[in-house]
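For the single chain, residues carry numbers from 1 onward in sequence order. Note that ligands are numbered from 1 as they come in the structure, with each ligand's atoms numbered from 1 the same way.
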Amino acid sequence: MQEIKIPLDWPNISELERDYILKALASGYVSSAGPLVREFEQRFAAYLGIGHAVAVVNGTAGLHLALKLLGIGPGDEVIVPALTFIATVNPVVYVGARPVVVDVDPRTWNLDPAAIEKAITKHTRAIIPVHLYGNPADMDAILGLAREYGLYVIEDATEALGSTYKGKKAGTFGHIGVFSFNGNKIITTGGGGMLVTEDPELARRARILVNQGREPGEIEYEHKEIGFNYRLTNLQAALGLAQLERLPEFLATKRRNAAIYCRELRNISGIGWQEETPGAESNWWLFSIVVYKEKYGLDRQKLMKHLQNRGIQVRPLFKPVNLQQCYKAYSFNHCPTAKALYTKGLNIPSASFLQEKEIIRVIGALREV
Ligand SMILES: *Cc1c(COP(=O)(O)O)cnc(C)c1O
């Protein structure tokens with residue numbers, strides 16, 4: 001394996017993160033007790049312009065909690081896109097509900113509203129739009145369908161911190177939005193996540209459920225509900241606070257680099273890329289291309305090798321949910337667009353510290369073929 005010279009993505013850690021973490025360590029508050037979790041929640045909510053944010057141990061837990069809070073369970077169906085990371089779908093099964101997989105739009109790679117409408121039955125309770133690779137889903141259409149059919153919307157905004165749709169931040173459209181701070185996401189706390197909502201009652205119950213079902217101020221170990229241990233720690237919140245301060249810098253770099261990719265890729269025949277949804281501004285978490293082998297000359301697999309040999313880190317797109325072994329017992333719809341994108345698609349270097357000259361080198365390697 002060639003040494004990686006231009007990474008796909010990598011945490012961007014500076015002196016600020018070191019400072020905040022050392023201060024948290026010195027305070028002795030390393031666990032979930034400690035003032036920084038609340039401060040991180042408040043700053044995060046303020047950044048999004050939403051009423052409430054509840055920190056959680058990771059994005060998957062946030063999605064699980066969201067489904068629990070909305071009372072989704074056995075007998076219910078939840079619509080999810082075929083092209084997503086598996087963690088969008090598994091929590092639906094955790095609560096005993098049934099995932100219904102729907103195909104995506106060939107340009108935006110996100111849930112296709114027409115396909116959603118076809119999949120709605122009398123058992124459908126919720127839609128989980130994913131803002132794939134940072135590109136917001138068509139929220140007007142999705143919210144319209146949700147209103148028409150009386151469905152909940154849980155935004156899987158795990159990849160979309162800082163993205164906007166019609167000027168409003170991704171994650172603030174649904175009944176609940178969920179973010180992830182895994183090591184590879186746009187900001188990281190090592191592992192972590194955030195559940196956001198405008199509804200004070202959902203937020204109040206979320207705070208109880210993340211803490212083993214224990215109500216605030218309860219000192220006698222009385223638990224009225226069966227909860228989870230899904231809290232973020234003070235140490236992680238310290239890292240999160242520093243990362244959140246630097247988010248504008250990360251977004252600016254990712255958007256500049258994406259603009260270079262878009263400008264230069266136009267001149268390479270046989271390469272397409274994920275397009276921003278009309279009205280949306282992506283955070284361009286991972287810039288992603290599709291390779292049309294007849295026009296380009298190489299298929300995705302050979303292009304991957306070619307780039308890896310030059311130290312350029314790339315990755316295939318997520319394998320569609322309906323093609324996953326772990327879901328083979330489910331009878332999902334065929335999703336030809338998701339499958340075509342998967343067989344042709346690649347994530348290319350998008351780390352938030354990559355310089356213009358590194359992006360130009362990636363383009364040079366794409367052009368060599
Ligand atoms: C990262 C991710 C998740 C899960 O987040 P974790 O913090 O890793 O649990 C869920 N959905 C999508 C689309 C993701 O990319």
With a 4.5 Å limit on heavy-atom distance, are the side chains of Phe40 and Phe181 in contact? yes
Using the benzene-type ring in the case of Trp, are the ring centres of Phe318 and Tyr342 under 6.0 Å apart? no
ring-ring contact (aromatic ring centres under 6.0 Å, His included) against Tyr152, all qualifying residues, sequence neighbours excluded: His175
Got a sec, which residues hit ring-ring contact (aromatic ring centres under 6.0 Å, His included) with Trp109, two or more places apart in sequence or on another chain? none
Report the relative orientation of the aromatic rings in Tyr94 and His64; use parallel for angles under 30°, tilted for 30 to 60°, perpendicular for over 60°. perpendicular
Using a strict cut-off of under 4.0 Å between a residue heavy atom and any atom of ligand 1, list the qualifying protein residues by chain and number. Asn58, Gly59, Thr60, Thr84, Phe85, Ala87, Thr88, Val130, Asp156, Thr158, Glu159, Ser180, Asn182, Lys185, Gly192
List in chain and number order the residues that pass ring-ring contact (aromatic ring centres under 6.0 Å, His included) with Tyr330, two or more places apart in sequence or in another chain; answer none if no residue qualifies. Tyr327, Phe332
